[in-house]
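Worth saying up front: this structure is predicted, and the values here are computed from it rather than measured. Order of listing sets the numbers, starting from 1, for every ligand and every atom in it.
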Amino acid sequence: MKKMTSKELRKAWINFYLERGHIDIGQTSLIGDGTTGVLFNVAGMQPLMPYLLGQKHPSGKTRLCNIQGCVRTNDIESIGDSSHVSFFEMMGSWSLGDYFKEERTKWSYELLTQVFGLPQDRLAATVFEGNESVPRDDETAKLREKSGFLKENIYYLPKSDNWWELERGPCGPDSEMFYITDKPACGPDCNPSCSCGHYVEVGNDVFMQYERIDDDKYIPLKQKNVDTGWGFERILAFLNTNGDVYLTDLFEGAIRILEQASGKKYNENKSDTYSMRIVADHIRTSVMLLGDKAHLVPSNIGAGYILRRLIRRAVRHAKILNIPTTVFEKLVNFYIDDVYGEFYEGLTESKEFVLTELNKEVKKFENTLSAGIKEFEKVTRNMVAGDKLDGANSFRLYDTFGFPVELTEELAKERGLSVDVEGFNQKFKEHQERSRGNIATFKGGLESTGEMETKYHTATHLLNAALKVVVNPDTHQMGSNITAERLRFDFNCDHKLTDEEKAAVQKLVNDWIKQDLTVTKTYMKKEDAVKSGAECMFLEKYPDEVSVYTIGDVSKELCGGPHVEHTGVLGEFVIQKEESSSSGVRRIKAILK
Ligand code: SER
């Protein structure tokens, strides 16, 4: 095994590909742009979807590589062990209809053994076992063996393990590579899909040959691509620290700061080590999100809500370690000055912003944290293991003490209790309805992201319809992009909208919202939808059977949905910006309040 610093590993990855005709395409924002329905960039391939689907890459090249920051918070509860992190970097490389399995498998083995120096008998690989639509990937299994993997370390696994896809877009069978650790196998049937820690994934090679156009509908792609994503932190940890990412140079300085401030030693006892990892991880991810080009800030919805949860959880674990949150400033300095500033454009310049926003959120929560914990203890005092904290109390902890319900769940779990999350959501809704009637004293709300995006879909249809009434019956959607925080809508139009036009569009949408129009969904054949006069843009992207959404008698549009049932729940529609998108195309950004 070759010891390498994080900076050396970055260089080694990029150089390997430059030598093989690739170009380094650099990084994009960590915050999802709304096109894939995910809040954050979760994989290096995410911004490359159009090119994997066949569009020419702006560089004109077909071999690309980079190291892309990603955020995945779906397993935030696993953080605290030695390998999970919420922000991670993915070392990526792509063939856009260029080379395929032969080169890919050869290079993967070269990387693992020659560049990283991992021993052959510590490597395992998995390949797709096939299903009714796609055959077993014998070719990759053979090529893995030819490249140097031991036959007995190659496993065939089902779609749940060996298929890469997002909600929509390019996808295909994958072949993952694993490092076999010193941790003993959990039993005779232990294989790489097992989470016991004997096998740890280090990389994934995806053979993208399909496009997912519906939940279970796939069509072959025109070109065969390779999408590669290898875990930067994981590999660094195996090369240097026996698998503990928190001891690599990406974290080590942070752990030292926490040791000093707390007077405790990392790895001396389980619970302090757990809290140190949570603080180190969550502050690191918060720094990367606040310092991102998109300048995310904590809020009660969507990506901003995840950021809020990360910061508040870090505050609680800092208290457990008995360290003042002023120490966070040292952590921010370490991450920006020593680790990431050099590689993330704009991060160093954003340091003041990161510190100010982090501090604001920390202060907001610190003021109520101890009182909230006391309150939690009071309301659970007479409970016994297995009991459930009711919705009313968990909502009060949120509303009065700023406890995200996930934090209350964590506190409950530590005492063997659970939380009635449905009851919480119900209380939340009631509160929101009351507040709306009360001239919106309560802003934002803790609506789930799904709900907000639903809402924005419906608002987009109303906007589309209002533009036809106010501006020109021939305006059509040219593009749309929805996040939990706003909608963005592009439409054909030969002039900048006047203030009067903007006001009239906004008013019309709000009138329709107030009328609480019913939204209905019908299924029909694509050609019938066209005949019925439904707005049908990008027709070729839809399957033969389509859903058409009708809103009162103001809008009829072909759409994948989802939508709300009544427009009354949308709240107030506000146009924030109207600008040019490209020649003859205008863009509106709007929010719901
Ligand atoms: N898209 C694949 C992954 O995220 C490989 O890059 O694992």
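- Ordered by chain and residue number, the residues placing a heavy atom less than 4.0 Å from ligand 1 are Ala43, Met45, Arg72, Met90, Trp164, Asn204, Val206, Asp227, Thr228, Gly229.
- Counting only residues at least two apart or in different chains, salt bridge (charged side-chain N to carboxylate O under 4.0 Å, His left out) contacts with residues 179-206 comprise Arg104-Asp205, Arg122-Asp182, Arg144-Asp205.
- Checked by atom type, the side-chain pair Glu77/His84 shows no donor-acceptor distance below 3.5 Å.
- Phe207 carries Lys101 over the face of its six-membered ring, with the cationic atom under 6.0 Å from the centre and within 45° of the normal.
- Remark: Asn333 pairs with Lys351 by the side chain to side chain donor-acceptor pair (under 3.5 Å) rule, at least two apart or across chains.
- Every pair passing salt bridge (charged side-chain N to carboxylate O under 4.0 Å, His left out) that includes a residue from residues 17-27 is listed here, sequence neighbours excluded: Arg20-Glu110.
- With respect to Arg168 and Asp215, a salt bridge is recorded, a charged nitrogen being found less than 4.0 Å from a carboxylate O.
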